[in-house]
Undergrad: 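Have a look at this one.
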Amino acid sequence: MNLMKLWEKHISRRSFLKASGVATGTMLFLSGCNQSKDDDVEADSITNVETVSANTENVTVVPTACYMCAIYCGAKAVVGDEGRVLRIEPNKKDLTSGGGLCPKGNSGVQLLYDADRLKYPMKKTGQYQWEKISWDEAFDTIYEKLTDIKEKYGPETLILMNRRGHYASLLKGFASNYGTPNGPFGSGSICEGGKRVGNKLVLNNTSALADYKNSKYIILMGANQMEAPRYRLAFPKEIIEAKRNGAKLVVVDPRFAYSSAKADEYLPITPGTDAALLMGMAHVIIKENIYDKEFVENYGQGFDIYKKEVLKDKYKPENVEKITGIAAETIIRIAREFATAESAVVDSSSGLYMWSNAVQNQQALQSLNALVGSICKKGGMVYPRGGKTNSIEFTNNATEKKYYAQAGYPSYKGNPHDGNRNIFPAAILTPEAVPAGPLSNAKTTSVNNGNGIKAAIIYNTEPVGAQMNGKLTKEAMEKLEFGIVIDLYLTQTAEVLPVGGIVLPECTYLERTIVNKPTSFVPYLNINQKVTEPQWESKSGHWIFVKLGKRFGYEDFMAMDENDEVGAARDSIEGVEQADGSFADWDELTREGVWIGKDIEPKYGDYDKLKDGKFQFALVGELDEVQELYLKVGGGVTAEYVEPKNRPSKEYPLYFMAGGKVIWHTQTSTRNIPYLMQSFDKNAIVKDTNYLIISPTDAEERGIKSGDRVLVKSKTNEVEVETLVSERVPKGYTHMTHGFGHDAPTLTLANNKGANCSLLVDEKRMDLANCLTAKEETCQVYKI
Ligand SMILES: Nc1nc2c(c(=O)[nH]1)N[C@H]1C(S)=C(S)[C@@H](COP(=O)(O)OP(=O)(O)OC[C@H]3O[C@@H](n4cnc5c(=O)[nH]c(N)nc54)[C@H](O)[C@@H]3O)O[C@H]1N2
Ligand SMILES: Nc1nc2c(c(=O)[nH]1)N[C@H]1C(S)=C(S)[C@@H](COP(=O)(O)OP(=O)(O)OC[C@H]3O[C@@H](n4cnc5c(=O)[nH]c(N)nc54)[C@H](O)[C@@H]3O)O[C@H]1N2
Ligand code: SF4
Ligand SMILES: [Mo]
C-alpha cells in the first residue's frame, strides 16, 4: 500500500500537509536494517513526518510511542515500502524518555513481525487445541456465556484483569455496564500498592515523584533506576546529570545491581530492614537538631508522635547496625550529609514495596524526606502534573459505589487500594474462604457474592507468569466456567483457559492509535499513532472493546464508532484543561508525536495539596477514609520499622528475591524477541534465559559451579534452573529474574527457557495494602 496514503488516513488532512511541508528539505540516508544506526541519521532532522530518501527505497518517519513497557516513551517509526516498519528511533522532543529509547524500545519491530503472534480469534477445544473462529462468532459466544453466567451466579462473578495502560477505561466501561465491581485490576496491586497507600497516608497523593535532576543528594533505596527505570526513562539520565552537577548518589540494595555500580557510595543492607535505616537516620537528625524546623512547624502534622517513635532506643545507630548490617558510623555520617545537603531526596521502588512491611517503609521514607524539608521542594519529592485526557463517562460508572452502598459497605473510595486481583485464584478455588465485602478487613478489595469467581477477562497481562504462585493460578484458571484472553500471543495463561475459552488477537501498539499520558512533572502528552495496518485478523483494543460493548447492547458503546480510533483519540483531549491552564493541540500532537504545555519545570511549593496543608508525620486529628481504614487494618499512627513476616530459617536458609528487573526484558512480555534474547556477557547477567544467581560462598558450600543445574525449593513450590555464581549477590542471598519459564508450545524462542520464579512465592503473604511480597521469599538450593 502507498505509505503516504496510509499515513494520511490517520491524521487530519491539515496537519498532514503542514507536517509534510516542513519535511521536504530533509534528506536522510537510511539502510533498511532494524537496528538503530544513529550515525546514519542526523538526529535533529527527524523531528517531523517526512519523506526521506534511502539507498534502496523511500521511507517515511511516523511519530508514535513505545509500549514495550508501561513508560510510553515517544518514538519515531521509520517505515519503508509497502508499510514495512524498518526500525524505531527515539523522539528527541519527548519528555518521559528524555529523547532516548531503551533496547526494548528499539526491538519493537521484532514484536510487530513476530511470526508467533496470535493471528485470529480462536476457541479452545482441548489441551493445546484451538479452533479458528470469526470475530462475530467470538463476540456471540462471549455474549451467550457471560449472559448465562450473570443470570446463574450474579455479575460479581466476572473478574477483569489488565495492566496499567491502554484501553483501561473501555474495559472499565464494560465492567460497569455488566455490573461487576471486580476489576479491571491492573498490576498496581502486584507491584506498588504499598507505595501508593504509604504516600496517600502522609502526602495525600499516591504518586509523588523524586526531582532527581535538581537534587544534590540522592538515595536510591531498593530502586534500580539505572536498569529498570520506573515511570520515566529520563530518570537514569537525570540522575547522572545531577551527579555531574555535584550531587552525591547513595544506593541501598542488598545486591550489587547496575545502579549500585553508578553510586558514589553503596550500602549493602540486610533485606527487608530499610525502615530501620530510615528511622535510624531520622534519629541522628533529630538528636543533632539538624532537621528543617521551618518545614516541620509550618507543614507538619503530628511531629511529636513521630519524634517520640524515632527517639526510641531501637533506632540508635548501634542498634540499627544490628538490624541492617550497616555500620553505626556510616548511618551517622549519611544522616548528617542528607540533612545538610542543599537539597536531598530518598526514593524507593520494589525493593521496599514488595515486602510485607511495604506501607510502613514508605511512611518512614517520606517522613525522612519531610524531616529535611524535601517535600514540594526543588530537588525533593514533588507532585506529578502529567497531561490529562477526558475520561469517558459511562452510564453505570457508579456501579461499584452503588454495589457497596447496597451491601452496606463503606464507599469504594475508602479502600486504601484501587483494585486488587490477588484474590483471584482463591476466589475461584475456595470461594467459601474468601471473605465477602471490600477491604474493610484488609483481606480483599474484590467482592464475593458467595459464588466466588466464575469467569475472567484477561487483557494485556499474563497471570500465570506474573502472579505469585503461578501453579495455583493455573489450577484456578482451569476451573473457571468461561474465560477470555486478549493478547499478542497464545500465552501459557491462555493455554489454561477452560475448554470453550476464547482468545482474541490484539494488534501491537504500532498498529493502533491512542493518546498517552506518561508520568510527568509537567503537563505533557504523547501519542501512539498507527504506523502500519494491523496484520492478519488482529484488531486494536478500541475496536475490540467497542464491538464487545455493542454486542451486549450497552448504550454507551452503541454511540461509539469502532473504526474511528483516531476520532476517539482526538476526542480524548478535546476541551481538557491541563494543570497549567493550557489545552493540548491535536495538530501538534500528531505532527510532533508529543505535546508539551506552558510550564516546562516541575512545580514546587504545592503545600496546599497536602491534607489540610500538612505532611502527616502521624495520623492524628480528623482522618480521611484511607487513614481510618489503615489504622483499622493494623497500621501504625506513625512510621516504624516492622520486621518482615518471613525470614530465613533452617529449612529455607537463603533469601530468595523472586523477580528483579533487567534492562533487556519487560516482565513476561519480551521473552520471544530475538534481538533481546541473544547471549551477551555472563557477568552482565544477560542471556536468553534466567538463572539462579548465588554468591560464591553459598555456591561452594553446595558444590555448585556456574552453569550447573539446581533445584530451588521454597515453602510454596520448587523449580529447576541453571545457576550463575556471582559476587554481585552477598552470602545468604539468591536472585532470579522474573518472566521466564513459559511452558506452552506457542512461543518458539521462549518455551521452556529458564524457570518461572513466581511459582516459588507464597501468594498469601501480603502487605497492609493487600499487595504481594515477591522479594520476601526464602529458599534452599540443591545441586541436581
Ligand atoms: N515473581 C515475580 N513476579 C512478578 C514480579 C516480580 O518482580 N517477581 N513483578 C511484578 C510486576 S512489578 C508486574 S508490573 C507484573 C507484570 O506482569 P504482567 O502483568 O504479566 O505484564 P507484562 O509482562 O508487561 O505483559 C503481559 C502480557 O501482555 C501482553 N502484551 C504486550 N503488549 C500487549 C498489547 O499491546 N496488547 C495486548 N492485548 N497484550 C499485550 C504480553 O504478550 C504478555 O502476555 O509482574 C509481576 N510479577
Ligand atoms: N528494564 C526494565 N525496566 C522496568 C521493568 C522491566 O520489566 N524491565 N518493569 C517496570 C515495572 S512494572 C516496575 S514495577 C519497575 C520495578 O523497578 P525496581 O523496583 O527498580 O526493580 P526491581 O529489580 O524489582 O527491584 C529493585 C531493587 O530492589 C533490590 N532489593 C530487593 N530487596 C531489597 C530490600 O530489602 N531492600 C533494598 N533496599 N533493596 C532491595 C533489588 O536487588 C533490586 O535491585 O521497573 C519498571 N521498569
Ligand atoms: S523504557 Fe519502556 S516505553 Fe521506553 S523505550 Fe524502553 S520499553 Fe519502550
Ligand atoms: Mo510493576
Side-chain angles (χ1 to χ4, degrees), residues 65-73 75 88 90 96-97 100-108 111 161-167 186-188 190-192 220-225 227-233 251-260 267 269-274 277 348-355 361 459-463 465-468 470 485-489 491 493-494 504-509 512 518 541 544 644 655 657-670 672 729 733 735-739 756-761 772 774-777:
C66 179
Y67 192 64
M68 297 293 278
C69 84
I71 285 181
Y72 316 115
C73 296
I88 316 285
T96 202
S97 67
L101 284 182
C102 81
K104 300 174 290 167
N106 288 127
S107 70
L111 178 79
M161 287 177 247
N162 66 340
R163 196 182 75 166
R164 180 172 89 105
H166 290 173
Y167 308 113
S187 58
I190 300 179
C191 64
E192 59 174 32
L220 289 180
M221 202 175 236
N224 191 7
Q225 287 283 18
E227 184 168 8
R230 194 166 190 146
Y231 312 124
R232 297 175 72 242
L233 180 61
V251 170
V252 183
D253 196 310
R255 134 193 114 102
F256 194 81
Y258 276 27
S259 300
S260 320
L267 304 178
I269 192 167
T270 302
T273 66
D274 298 81
L277 176 61
S348 57
S349 193
S350 303
L352 266 69
Y353 310 150
M354 286 189 177
W355 285 87
N361 291 344
Y459 172 60
N460 195 171
T461 182
E462 209 267 87
Q467 300 239 138
M468 306 308 113
V485 170
I486 307 162
D487 204 291
L488 309 179
Y489 294 103
T491 60
T493 293
L504 302 176
E506 189 175 21
C507 61
T508 66
Y509 61 98
R512 61 192 196 225
I544 295 170
Y655 289 102
M657 178 178 145
K661 311 293 195 264
V662 281
I663 191 70
W664 45 280
H665 185 43
T666 301
Q667 285 119 213
T668 65
S669 57
T670 46
N672 212 50
V729 302
Y733 195 79
H735 166 223
M736 247 169 99
T737 295
H738 154 242
N756 180 353
C757 65
S758 303
L759 290 173
L760 300 182
V761 185
L772 298 162
K775 306 256 192 271
E776 198 172 315
E777 207 41 76

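Just so you know, ligand 1 is whichever comes first in the structure, and atom 1 is the first atom listed for that ligand. Here, residue 1 is the first one in the sequence, and each next residue gets the next number. Just so it is clear, the model here is predicted, and its values are computed rather than measured.
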Undergrad: Heavy atom of Arg512 under 4.0 Å from ligand 1?
TA: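 It does, in that a heavy atom of Arg512 comes within the 4.0 Å cut-off of ligand 1.
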Undergrad: Regarding ligand 1, does Tyr67 bring an N or O atom to under 3.5 Å of one of the ligand's N or O atoms?
TA: no
Undergrad: Are the ring centres of His166 and Tyr67 closer than 6.0 Å?
TA: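 Aromatic pair counts; centres sit under 6.0 Å.
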Undergrad: Tell me whether Trp664 has any N or O atom under 3.5 angstrom from an N or O of ligand 2.
TA: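 For ligand 2, there is no N or O atom that lies under 3.5 Å from one belonging to Trp664.
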Undergrad: Does ligand 1 have any atom that is closer than 4.0 Å to a heavy atom of Met468?
TA: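 A heavy atom of Met468 does come that close to ligand 1.
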Undergrad: Any N or O on Cys507 sitting closer than 3.5 Å to an N or O of ligand 1?
TA: no
Undergrad: To the nearest 0.1 Å, how far is atom 34 (C) of ligand 2 from its closest protein heavy atom, and which atom is that?
TA: Gly351 O, 3.2 Å
Undergrad: If you take the nearest heavy atom of each of Lys775, Lys661, Glu776, which one is closest to atom 24 (O) of ligand 2?
TA: Lys775
Undergrad: Nearest protein heavy atom to atom 32 (N) of ligand 2, by residue and atom, and its distance?
TA: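 Sorting protein heavy atoms by distance from atom 32 (N) of ligand 2 puts Trp355 NE1, 3.6 Å first.
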Undergrad: Just to confirm my output: which protein heavy-atom neighbour is closest to atom 38 (N) of ligand 2, and how far is it?
TA: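 It is Asp274 OD2, 2.7 Å.
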Undergrad: Check the orientation of Tyr655 and Tyr733. Use parallel for under 30°, tilted for 30 to 60°, and perpendicular for over 60°.
TA: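 The rings of Tyr655 and Tyr733 sit tilted, inter-plane angle from 30° to 60°.
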Undergrad: Heavy-atom pairs closer than 4.0 Å: do any link ligand 2 to the side chain of Met657, the backbone, both, or neither?
TA: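 Side chain only.
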Undergrad: Checking contacts here: is it the side chain or the backbone of Gln467 that comes within 4.0 Å of ligand 1, counting heavy atoms only? Could be both or neither.
TA: neither
Undergrad: Which atoms of ligand 3 sit under 4.0 Å from any heavy atom of Tyr72?
TA: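 Near Tyr72, the atoms of ligand 3 are 3 (S).
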Undergrad: Looking only at N/O atoms, are Ile269 and ligand 2 under 3.5 Å apart anywhere?
TA: no
Undergrad: For atom 20 (O) of ligand 2, tell me which residue out of Thr666, Asn224, Leu267, Ile71 has the closest non-hydrogen atom.
TA: Asn224
Undergrad: Below a 4.0 angstrom heavy-atom separation, can you tell me which part of Val662, side chain or backbone, both or neither, approaches ligand 2?
TA: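 For Val662, the contact with ligand 2 is made by the backbone alone.
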Undergrad: Please confirm whether Ser758 comes within less than 3.5 Å of ligand 1 when only nitrogen or oxygen atoms on both sides are compared.
TA: yes
Undergrad: Below a 4.0 angstrom heavy-atom separation, can you tell me which part of Ser187, side chain or backbone, both or neither, approaches ligand 1?
TA: side chain
Undergrad: Heavy-atom contact check, 4.0 Å cutoff: does Tyr353 meet ligand 2?
TA: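 Per 4.0 Å heavy-atom rule, Tyr353 does not contact ligand 2.
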Undergrad: Name the closest protein heavy atom to atom 10 (C) of ligand 2, giving the residue it belongs to and the distance to 0.1 Å.
TA: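 The closest one turns out to be Gln667 OE1, 3.5 Å.
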Undergrad: Report the part of Thr668 (side chain from C-beta onward, or backbone N, CA, C, O) that has a heavy atom under 4.0 Å from ligand 1; answer both or neither where that applies.
TA: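 It is both backbone and side chain that touch ligand 1.
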Undergrad: Do any N/O atoms on Val252 end up under 3.5 angstrom from N/O atoms on ligand 2?
TA: yes
Undergrad: Answer yes or no for Gly465: is there a heavy-atom contact with ligand 1 below 4.0 Å?
TA: no
Undergrad: In terms of residue, atom name and distance, what is the protein heavy atom nearest to atom 43 (C) of ligand 2?
TA: Asp253 OD2, 3.3 Å
Undergrad: For ligand 2, does Ala223 get within less than 4.0 Å through its side chain, its backbone, both, or neither, judged by non-hydrogen atoms?
TA: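 Ala223 to ligand 2: backbone contact only, side chain stays beyond 4.0 Å.
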Undergrad: Can Arg512 be said to sit on top of Tyr167's aromatic six-ring, NZ or CZ under 6.0 Å from centre and within 45° of the ring axis?
TA: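 No, cation not above the ring by the 6.0 Å, 45° rule.
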Undergrad: Polar-atom distance check: Asp487 versus ligand 1, any N or O pair below 3.5 Å?
TA: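 By distance alone, the answer is yes.
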Undergrad: Return a yes/no value for Asn460: is any of its N or O atoms, backbone included, closer than 3.5 angstrom to an N or O of ligand 1?
TA: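 Yes, at least one N or O pair falls under 3.5 Å.
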Undergrad: Can you tell me if Gly272 has a non-hydrogen atom under 4.0 Å from ligand 2?
TA: yes
Undergrad: Using a cut-off of 2.8 Å, find all protein N, O or S atoms closer to atom 6 (Fe) of ligand 3 than that distance.
TA: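 Only Cys102 SG fall inside 2.8 Å of atom 6 (Fe) of ligand 3.
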Undergrad: Among protein heavy atoms, which sits nearest to atom 46 (C) of ligand 2, and what does the distance come to when rounded to 0.1 Å?
TA: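 Here the closest protein heavy atom is Pro229 O, 3.4 Å.
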Undergrad: Could you check whether any heavy atom of Tyr733 sits closer than 4.0 Å to an atom of ligand 2, since that is the contact criterion I want to use?
TA: yes
Undergrad: Check whether any N or O atom of Met354, backbone or side chain, sits under 3.5 Å from an N or O atom of ligand 1, and answer yes or no.
TA: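 By distance alone, the answer is no.
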Undergrad: With respect to atom 26 (C) of ligand 2, which of Gly659, Gly222, Ser349 exhibits the smallest heavy-atom separation?
TA: Gly222
Undergrad: Between Thr273 and ligand 2, is there a nitrogen or oxygen pair with a distance under 3.5 Å?
TA: no
Undergrad: Rounded to the nearest 0.5 Å, how far apart are OH of Tyr509 and CG of Leu488?
TA: 10.0 Å
Undergrad: Under 4.0 Å, heavy atoms only, figure out whether ligand 1 is touched by the backbone of His738, its side chain, both or neither.
TA: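 The part of His738 near ligand 1 is the side chain, not the backbone.
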Undergrad: Within the structure, is a non-hydrogen atom of Ser350 found at a distance of less than 4.0 Å from ligand 1?
TA: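 It does not; every heavy atom stays at 4.0 Å or beyond.
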Undergrad: Any nitrogen or oxygen of Ile486, main chain or side chain, under 3.5 Å from a nitrogen or oxygen of ligand 1?
TA: yes
Undergrad: For Thr491, is at least one N or O under 3.5 Å away from an N or O on ligand 1?
TA: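 No; every N/O pair is 3.5 Å or more apart.
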Undergrad: Out of Pro254, Ala70, Cys191, who gets a non-hydrogen atom closest to atom 39 (N) of ligand 2?
TA: Pro254
Undergrad: Does some non-hydrogen atom of Lys104 fall short of 4.0 Å from ligand 2?
TA: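 The answer is yes: ligand 2 sits under 4.0 Å from a heavy atom of Lys104.
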